[in-house]
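For ligands, and for the atoms within them, numbers begin at 1 and follow the listed sequence. Computed over heavy atoms, backbone and side chain alike; hydrogens, waters and symmetry mates excluded.
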Amino acid sequence: MILYDKQNRAFVLGGKNYSYLMHVNACGFLQNLHYGSKTEIGDLGYLISHIGSKYAPVKSDLNMDCLFDVMPSECGSYGRGDFREPTVVIERADGASMSRLRYASHKITNGVYNIPGLPHARSGGQTLEITLKDDFSPVEVVLKYTAWDEYDVLSRATEIRNAGKESVKLNKAFSFCAELPEAEYKMLRLHGSWAMERMPEWNSVAHGVARIQSLRGASSHQMNPLTVLFDGEPSERTGECYGFMLVYSGSFAITAEKTYFGYTRVQGGINDIGFRWELGGGESFYTPQALLCYSEQGMGELSRAYSDFLRERIIDPAFVNKRRPIVINNWEATYFDFDAEKLKSIIDAAAPLGIDTFVLDDGWFGKRDGDTSGLGDWLVNEKKLKGGLKAVAEHCGKRGLKLGLWFEPEMISEDSDLYRAHPDWAVGKLGQEPVRSRNQLVLDFTRKDVVDYIFGVMSDVIKNNGISYVKWDMNRPMTEFYSNTLSADRQGEFAHRYILGVYSLAERLTAAFPDLFMEGCAGGGGRFDAGMLYYFPQFWTSDDTDAFQRALIQWGTSVGYPVSAMSCHVSVCPNHQTGRTTPLSTRGNIASLGAFGYELDLTKLSDEEKRDIKRQILDYKRIDALVLNGDLYRLIDPFGDKWFAEMIVSKDKTEAYVVGERLRGVPNDITRRIKLDGLDPDRNYTVEESGVTASGKSLMRIGLVLPSLADYESFAWHLKAVK
Ligand code: GLA
C-alpha cells in the first residue's frame, strides 16, 4: 500500500507487518518518520509533530548545519552539513560536490519499477518515485520504492538524472538510505572463504561506521551482500529486526552508522571505492535494487519473508516451482581425468538409481587437462571425448538422462587459442603483468564484442548438443579493474560495467533458451546473491559437501535465501575438503534440505550403497515439493549447540519434514527434547518414522525426544497432519 497524505505532505508505505513513513518538511527536505511496526494512518499527525520539534528545520534554517546532521534523511547528501556518510556524491564540471536535495515531485503507479540492465523484482506491488532536485545543479535524484501488501519486503533503488548539458561525475551512488530508530543494534555479517561461505557473526553496532563490503568484483565468499540489524540479542522467534539485501552481484558495500544522537543510518549499494561514473547531459544512472525487510518476530520470520519474496518475485517463475533435476556431477569423481568411456560408465551407473541429469563439469573443451589452459576455447576436445559431446548426449538419451554442461564464460587462460588471438580481451592493462588466480585471467565483460563472442560460442554448444542444464561457474576474483577500451576518465566505471556485461549474457541466454535450466556457481558459493538468483533458480552453495560443515553453510545461507536456491550434493568420504567421514545417510539428509544431487564416482559404489542411494532419491521425491514451496524453521543452531536441526513446513501446515544431526556428543544428551515449529497448534500430527501422534501445540511447546545417535549421525522425520 502506498498513500500520499496531502495535508501532512507525507508518504505512507506499508506491507504485511510494517509501515514506512516519510514526510516533506517545511524546508522541502524528505525526512523519514518511522520504519518498523505497522502504524495507524491516524498516527501521522502525532509522528510529524513529535519528530518535527526535534528535526524539522523551518524556512530560515535552510543553511544550518546542525539540523541536517540530525535529520533522518532518505538520501544523505554531501557538503551541506549532514556529516554522516552520504548516499550520493555528485561532482560537477566546476569541481564542486555539495548538494542540497529537496522534494520536487512524486508519482505513485501500480506495479514494480524497471531498472535497465539490472535484475529486479519482477511484478506486483505499487511504486512510489520521489524526485529530489539539487538546488545547486541540474541534477535530480529519484528515490524509488515498491511496496507489496503481501510481503514484509520493501524494495529501494535510486536513479540519478543529469538534466543539464554538462557531464557530472558520480563518486558515490548507493541504492538506499534507511534511518533506524534509537536502539542497541547487533549487526549480522555473513562472512567466509572458499568452502566456508556465509558463516553468521553478530557484532554490536558501536558509534561510528560499521561496513561490510566486497572489492572482489563479485559479491564474494568473504562477505554476502546481506545484513540484519537486530534490536537487542538476536533470536529466531522473537524480537525486532531489519534486513538489508542487495540484488547485486558485484563489488558492494553496506554501512551502518550510529550517530551521536542515537539513530543508525544504514545504506548500501555499489562499492564506492574505485567507483567513478561519468553521467552525460540528459543521461540517467540506475543503482541496483535493495530489498529491505522488517520482522517483529525474530530471525525466523525475517528469513521466511525473504524466501517468499525471492521465490515469488525474483527467481524465474518458469522454474521456481518446477521439480529440480536430480543430478550426478562428475567433478569430484574424475576432476580433469576422464574420457568418453569413463563418463559413459558413470551415466550407466546413474540411470537405475533414479538420477535424471548428468552434468559434465570442467575439462571437456579446448586443451583442458588441468587448470592452466583452455578457458575460452569452448569447443569440445575430441581427443579426450571420442565422438564429442554428441556421443555423451546420445548415451545419456539411451539411459533416459538429460545432459548438463559446465562453462566458465567470464574467464580466459593465457594458454588458449582465444588469448593468443585476443590478448586485449583479458582484464588488465596490456603489457603490464596481471595478477593470476587459479592460473587464469578474467575476460573483459565491459566489452560488447567479448560478450557477443561468448554468447555465440555458448549458444552453439547448447543448441548443437541438446544441453538442458548449464552450470555457470566463476572461479577467481577480479584484479586490475582496467579495460583496454575504456577511456582514461571512465576506468572507474569498470567494475559495475563488468557486472552489467555478466547480466547481459545471462539475460541473452535465458531469452534464447527459455527451457534451459541454469545453475550458478563461483568456486562454490562465491556469488550467491539475489542478483544471480534472478537468472539462476539455484546456486552451488559451496564446494564443501562435508555433512558437518555443509550444515553450517546451509544454516547461514538460509538467513536470506530459500532452500530451493541452494544446490546440495552428496559426495564421497573421506570428504575431499575436510577429510571427515560421515554416514551416507547423513550426507543425504543434509543435502535433502536443498536442490538435491550427487557428486561422486557412482561406479565405485557397493551394492548396499547403490540401494541406499536409490532409497534416498525416492525419499527426496516425497519431500521436494516442501523444499520448493515450504517454510523453513531453524530449530537448533549448530554454531551454538551440539546438534543441528531444521524443519520445513508446507504452507497449508498439513505436512512437515525435520532433519537433525548430532554434531559433538556429550554424555547424557540423549534425553533432550527438540521443540518443533511452524505447525498448526490445533491439529494432530503423526510422525511417520515413530508412529507418534500428538497435537501441533505439544510438538511445539513440549517437543520430541532426540534419538540416540553417534556424532554425525542424523535423523529425518516426516510429519503428516491427521485427517
Ligand atoms: C569450481 C566449482 C566446482 C567445479 C570446479 C571445476 O571450484 O565450484 O564445483 O566446477 O570449479 O573447475
- Message: Test your reading of the structure: does Asp361 have an N or O sitting under 3.5 Å from an N or O of ligand 1?
- Response: yes

The ring-ring contact (aromatic ring centres under 6.0 Å, His included) partner of Phe536 among Phe319, Tyr469, Trp472 is Trp472

Quick note on ligand 1: atoms under 4.0 Å from a heavy atom of Cys521 include exactly 2 (C), 8 (O)

With heavy atoms and a 4.0 Å threshold, my read on which part of Asp473 contacts ligand 1 is side chain

Pair Arg615 + Asp619, salt bridge at N-O below 4.0 Å
yes

for atom 3 (C) of ligand 1, nearest protein heavy atom and its distance come out as Asp543 OD1, 3.5 Å

Sub-4.5 Å side-chain heavy-atom contact between Ser219 and Pro225:
yes

Taking only non-hydrogen atoms of Trp540 and a 4.0 Å limit, the atoms of ligand 1 in range are 8 (O), 9 (O)

Short version for Arg438: what comes under 4.0 Å of ligand 1, heavy atoms counted, is side chain

**Message:** Any donor-acceptor pair under 3.5 Å linking the side-chain atoms of Glu480 with those of Gln432?
**Reply:** no

Check: For Gly524 and ligand 1, does the shortest N/O to N/O distance drop below 3.5 Å?
Finding: yes

With heavy atoms and a 4.0 Å threshold, my read on which part of Asn329 contacts ligand 1 is neither

For a quick check under 3.5 Å, do Asp371 and Asn439 share a side-chain donor-acceptor pair by atom type? yes

Q. Cation over ring, Arg122 on Tyr534, under 6.0 Å and within 45°?
A. yes

In this structure, atom 5 (C) of ligand 1 is nearest to the protein heavy atom Trp331 CE2, 3.5 Å

ask   = Backbone or side chain, does any N or O of Asn475 fall under 3.5 Å from an N or O of ligand 1?
value = yes

Exercise for review: Give a yes or no on whether a salt bridge exists between Arg476 and Glu410, defined as a side-chain N under 4.0 angstrom from a carboxylate O.
Suggested key: no

Aromatic contact between Tyr503 and Tyr535, with the criterion being ring centroids under 6.0 Å apart: yes or no? yes

Closest to atom 12 (O) of ligand 1 among protein heavy atoms sits Asp362 OD2, 2.7 Å

| For ligand 1, is Lys471 a contact, meaning one of its heavy atoms is under 4.0 Å away? | yes

